[in-house]
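Notes for the one structure printed next.
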Amino acid sequence: MASPLMSSPETTAVESHGPQPGEVGRHDFDTKARKQSRVILGRFLRHRLAMASLSVLVLLVVLAFVVPAFWKYTFWDTSSGGYLKPSPDHPMGTNQVGNDMFAQVLRGTQLSLLIAFVVAIVSTAIGVVLGALSGYLRGIMDTGLMRLADLFLIFPQIAAAALLVNRLGGSWYMVALVLALWNWMQIARITRGETLSLAQREYIEASRAAGAGTGHIIFRHLVPNMIGTITVNATLTIALAVLQEAALSFIGLGVHIPDTSLGLILNTNYSQILERPWLFWWPFVIIVLISLCVNFIGDGLRDAFDPRQTKVRA
Amino acid sequence: MFRYVIRRLLISIPILLVGTFAAFVLVASSGDPVAALASKPGVTKEVVENARHALGLDQNIFVRYWQWLIHFVRGDWGVSLALGQAQASVFDVVTQSLWVTVRLVVGAEIIALILGVAVGVLAAVRQYSIFDYIATSAAFLMFSMPIFCVAIVLKNYGIQFNNVLVSWGLKRWLTTAGPPTGGFSGSVGNQIVQYTGTFLLPTLSIMLISFAAYSRFQRASMLETMGMDYVRTARAKGLSQGRVIFRHAFRNALIPVTTYFSLNFGAAFTGAIVTETVFGWHGMGTVLIDAVTQYDPNMLMGFLVVTATLIIVFNLIADIMYGFLDPRIRLG
């Protein structure tokens, strides 16, 4: 199909392989099909900072979810003495009531990651569906959904957190639910904006003429065409959720004792920052590490999905 | 334009009504403000019932909301239901706290914007320079940090810094526990010292994170405009570098940041809950936390009406400014 005079990246890539000896002519301009997803994946894999961040994040996930099974202390075990210094037995020391801090930090990392992933998935799902509906159907649906987003913007999340988390128990999924319910508005706005322009395209019109319903058009035509924006925003939501969870736990409206999260560990130990700095700095470093890695991965994904931005990035 | 503004403001009224009603029900049903009184020894059931009646707690929740609403429309914001507050006037508490927040949070946001725009433009103009790398890494690091940790670290090292000052025979400079109750006094130089000492740490902790967001935003938008055809045209017709950057690129690159700032600015009035808690400032964030944890719907209503109105107004301003700065966008 493509003229050999047009030097698209695909043809040049194949030319570098050269024709196979013995096969004359027939394969000269025969380019191997490269799926869009493979091109994007390739670009992402070549993004060094993003790949480094991904490995660190994977390492943290393994640490948080696998190591506790083999570690000699559980996070609720208070048999050790209070405020022990870091030693081979307790690599991060112990806290006031004698919990092993290493086990505590691992459990905290586990919950922070879990909450962040759940928040990202749920809020992205809500945001994409509502945003696409709003931008595709327009009219009363659009007005209604956008006003709903306004309502969530003015409504203090803390008030909802107080009720849901305090009254219905401070389990991690309650915290995740509250955070997810207050993070979909941004994604909905972005999705709506993209849908408004995509909905004008001919292929949407053609699909509608062929009798496709709203659901089919949204999930088969609109969402696949916005997958880049959606993925990048979902990734950045993970970083946001880690920080928000920490802040909620810090003001006492997040995960509750006897369970623990990185925010809660910081909340109970920050007064020790000068006397026993390790109690503060370990959870702090882990939070920053998760959030930083996720931000870098999001940056790499953005470049991978939108090669025009490669020049426009640090 | 005028009709657009009126229509947007009219749409906001039902949103405010639904929002206040939902918040009222949520807080009123999440706990009992007289529970602390009831658990005290020696308090008879009758006393508790009287207290409940005095606060109107024995009524239906819809009736209570309706009571609040008709009083509010007449200009009466009601009194706090929390026991420790001794029936403080909601209007007084909210206006005082709003003033604290304006001085602390809003000031920090403005400084962050100015610094962020400057750093973002410089980083974009000198892309991939040492300056760009430092600015980018600093920004990434800052918005990956939980704000309360930044505040705690600043507070503790502030205290240490004060101790060093004292050991040198000087007076403590940095304040880490709220603004002075009596205001600032003494000579002009003395007042400046007191003022900076009071505001430096909390402002810094709010500023750092906002600054990171603004500088990233400005950098991306500046890089985008620098690649536009009209900037190339400006270069091609022989304009100086400074003129190209400031007259052609910078002015257009400010458009997205302006609207972003307007949105943030509206939200800033809700206060910086964590920073206020750590540094002991009684701003809007503290009002919210107190109202929620003491099950005080009246106080929450006062908070919500003020912050929601400000958010709605600044969202509207953002939309209007967008259409004003970029005439291609029509408001409908």
Side-chain angles (χ1 to χ4, degrees), chain A residues 49 143 146-168 239-240 242-253 262-263 266-267 270-271 273-274 277 280-281 283-285 287-296 299 308-309 311-314, chain B residues 11-12 14-16 18-19 22-23 26-27 29-31 123-124 127-128 132-133 135-137 139-141 143-149 152-153 155-157 159-160 219-220 223-224 226-227 263 266-267 270 273-274 277-278 285 288-289 291-293 295 300 303-304 307-309 311-312 315:
Chain A
L49 191 54
T143 320
M146 284 301 109
R147 295 294 82 79
L148 185 69
D150 286 350
L151 184 63
F152 274 87
L153 277 182
I154 63 159
F155 196 89
Q157 184 184 23
I158 304 292
L163 179 76
L164 290 178
V165 176
N166 272 351
R167 278 229 123 181
L168 307 177
L240 213 61
V242 170
L243 298 183
Q244 288 179 347
E245 181 277 321
L248 268 189
S249 297
F250 177 71
I251 54 177
L253 296 174
L262 292 176
L266 283 167
N267 183 16
Y270 75 85
S271 56
I273 179 174
L274 295 176
F280 175 84
W281 290 106
F284 174 77
V285 166
I287 289 185
V288 174
L289 214 53
I290 297 175
S291 172
L292 202 59
C293 288
V294 172
N295 276 323
F296 281 141
D299 218 41
R308 277 175 309 159
Q309 289 221 347
K311 279 180 291 178
V312 183
R313 197 206 63 87
Chain B
I11 292 175
S12 315
I15 296 178
L16 266 178
V18 175
L26 215 59
V27 168
S29 60
S30 66
Q127 196 183 2
Y128 302 139
D132 184 22
Y133 279 117
T136 300
S137 350
F140 263 103
L141 194 64
F143 62 55
S144 298
M145 283 197 287
I147 190 162
F148 67 88
C149 289
I152 289 168
V153 170
K155 181 179 178 169
N156 279 285
Y157 288 95
I159 293 171
Q160 291 223 310
R219 180 179 179 278
L223 281 173
E224 204 179 317
M226 295 277 279
L263 295 178
T270 55
I273 295 173
V274 161
T277 314
V278 173
L288 175 62
I289 286 288
V292 165
T293 49
Y295 316 115
L300 183 72
F303 168 89
L304 190 56
T307 55
T309 310
I311 292 176
I312 288 171
N315 274 347

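These values consider heavy atoms only, across backbone and side chains, with no hydrogens, waters or symmetry-generated copies. Numbers restart at 1 for each chain; the letters A, B, ... are given by sequence-line order, proteins then strands.
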- Item | Reported CD1-to-OG distance for the pair A:Ile290 and B:Ser144, which is rounded to 0.5 angstrom | 11.0 Å
- Task: Any chance you could measure B:Met145, atom CE, to A:Leu292, atom CG, to the nearest 0.5 Å?
- Result: 9.5 Å
- Query: Checking B:Tyr295 against chain A: side chain, backbone, both or neither under 4.5 Å from a heavy atom?
  - Reply: neither
- Message: At a heavy-atom distance under 4.5 Å, which candidate from A:Phe250, A:Phe280, A:Phe155 has the highest pair count against chain B?
- Response: A:Phe250
- Task: Counting only heavy atoms closer than 4.5 Å, note whether B:Leu141 contacts chain A via side chain, backbone, both or neither.
- Result: both
- For the candidates B:Ala135, B:Cys149, B:Gly19, B:Ala308, which exhibits the highest count of non-hydrogen atom pairs separated by less than 4.5 Å from chain A? B:Cys149
- Item | Proximity breakdown for A:Ala246 and chain B, heavy-atom pairs closer than 4.5 Å | both
- Message: Which atoms of A:Leu266 are under 4.5 Å from chain B, going by heavy atoms: the side chain, the backbone, both sets, or neither?
- Response: side chain
- Message: Please classify the contact between B:Leu304 and chain A as side chain, backbone, both or neither, with a heavy-atom cut-off of under 4.5 Å.
- Response: side chain
- Measuring heavy-atom distances to chain A, does B:Ala291 have an atom under 4.5 Å in its side chain, in its backbone, in both, or in neither? neither
- Side chain proximity check, A:Val288 to B:Pro146, heavy atoms < 4.5 angstrom: yes
- Distance (rounded to the nearest 0.5 Å) between A:Ile158 CD1 and B:Phe303 CZ: 9.0 Å
- Identify which part of A:Ile273 has an atom lying under 4.5 Å from any heavy atom of chain B, answering side chain, backbone, both or neither. side chain
- Rounded distance (nearest 0.5 Å) linking atom CG of A:Asn267 with atom CZ of B:Phe148: 7.5 Å
- Query: Between A:Ala160 and chain B, which part of the residue has a heavy atom less than 4.5 Å away: side chain, backbone, both or neither?
  - Reply: both
- Message: Once you measure the plane-to-plane angle for A:Phe296 and B:Phe140, does it fall in the parallel (<30°), tilted (30-60°) or perpendicular (>60°) bin?
- Response: tilted
- Message: Just so I understand: if I count every heavy-atom pair under 4.5 Å between each of B:Ile147, B:Thr307, B:Ile11 and chain A, which residue has the most?
- Response: B:Ile11
- Query: Based on non-hydrogen pairs under 4.5 Å, which of B:Ile312, B:Ile152, B:Ile273 is most in contact with chain A?
  - Reply: B:Ile152
- Pick one of side chain, backbone, both or neither for A:Leu240, based on which atoms fall under 4.5 Å of a heavy atom in chain B. neither
- Message: I'd like to know which of B:Leu288, B:Leu16, B:Val27 tops the heavy-atom pair count under 4.5 Å against chain A.
- Response: B:Leu288
- Given B:Val292, B:Ile311, B:Ile15, the one with more heavy-atom pairs under 4.5 angstrom with chain A than any other is B:Ile15
